[in-house]
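Reviewing the structure listed below.
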Amino acid sequence: MKYWNLFLISCIGVSSCSNPVQQVQPNKIIVTLTEGGLHKTDNEHHYEIDIKYPVIDANVDPQILVAINNVIPERFNQFINRKEFTEAHLHLPEDFYSAENEWKGLLTNTYKVNQADSIIFLTFSVYHYFVGAAHGSTYQHSIIFDLSNGEEIHYSQFIKTDTASLQKLRKLFNSNLPDSICWGIQNDSSMIQNMENIVFISDSVLFYIDDYSICPNAFGIPDIRFSNEQAAPILKAPLFKSFREIQAAVNEGEIATH
């Protein structure tokens, strides 16, 4: 197993470095989680919502925690598509259901929180089934924070996005498909979409994958992972020294419903 030092000098954007990532600190920051969320069942409109997100606590400046915990629910409510899901169930035909048909639409999610030194990776897996659809589908979303300053970090801080690197990563993805029926990554724009949900663990780099992204839905591939050695050519200096997967402790409350 290979461990790496990380000093990030790249920045988000092309012409400026207004919020450069600081040097990643050793893992002296202890993170704990509580949980916020919402559970709602609407029997009249035949749907259920059961969603949750982490609330971060750590031995850092309280202002850093406030910044992080303000961003998480704001971003969560943007990508969870709760408004779209709810509105899709408000105008179903009155005869859509029979006495034998008690289907309900479902919007739910899981999440994982991984810490690598002073960087925290929040990865959300969101499942939605719109009532009447042939089947549900799952999509992924990630948020990355630097716990030393509370800044959100773009995935491109960790991974190269030049044409040559995209081609290398696409080849790596396509050579590790689980079955010949998978179509893999076809172009650079699809490659970028699949790079967004990156997580570093002790011996590997993970990419969380949306349904239909590289294989038919039935294969249900949640992630593709590569060893540090495999991924090294397309990474920007980075890997880390210490790692934790963090579990939530108790329920924190509900997301605002307005």
Item to check | Residue pair Tyr127, Leu106: steps toward the side chain to side chain contact (heavy atoms under 4.5 Å, CB included) verdict | outcome: CA-CA 8 Å; Tyr127 173 82; Leu106 177 63; 4.1 Å; yes
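Residues that satisfy the ring pair (Phe, Tyr, Trp, His ring centres under 6.0 Å) test with Tyr155, not counting sequence neighbours, are absent from this structure. A search for ring pair (Phe, Tyr, Trp, His ring centres under 6.0 Å) contacts involving Tyr47 returns Phe85, His89, not counting sequence neighbours. A search for salt bridge (charged side-chain N to carboxylate O under 4.0 Å, His left out) contacts involving Asp50 returns nothing, not counting sequence neighbours. Shown here are the side-chain hydrogen bond (donor to acceptor under 3.5 Å, both in side chains) partners of Ser165, two or more places apart in sequence or in another chain: Asp162. Remark: Phe79 engages Phe76, Phe124, His141 in a ring pair (Phe, Tyr, Trp, His ring centres under 6.0 Å) (not counting sequence neighbours). For Glu74, there are no salt bridge (charged side-chain N to carboxylate O under 4.0 Å, His left out) partners at least two apart in sequence or on another chain.
Atom-to-atom distance recorded for Arg75:CZ and Ser142:OG is 9.5 Å, nearest 0.5 angstrom. Here the straight-line distance linking atom CD1 of Ile49 with atom NE2 of His128 works out to 13.0 Å at 0.5 Å rounding. Taken to the nearest 0.5 Å, the CG atom of Asp61 stands 11.5 Å off from the OG atom of Ser148. Note that CG of Leu206 and CZ of Phe200 are 10.0 Å apart. Values are rounded to the nearest 0.5 Å.
A donor atom on one side chain and an acceptor atom on the other are not found under 3.5 Å apart for Asn77 and Lys83. For the residue pair Tyr129 / Glu48, no side-chain donor-acceptor distance below 3.5 Å is found, with atom types taken as modelled.
Using a 4.5 Å heavy-atom cutoff, the side chains of Asp57 and Val31 are not in contact.
For the residue pair Ala248 and Glu35, the shortest heavy atom distance occurs at CB-OE1, 3.8 Å.
For the side chain to side chain contact (heavy atoms under 4.5 Å, CB included) test with Ile68, the passing option among Leu122, Ile56, Val60 is Ile56; the others fail.
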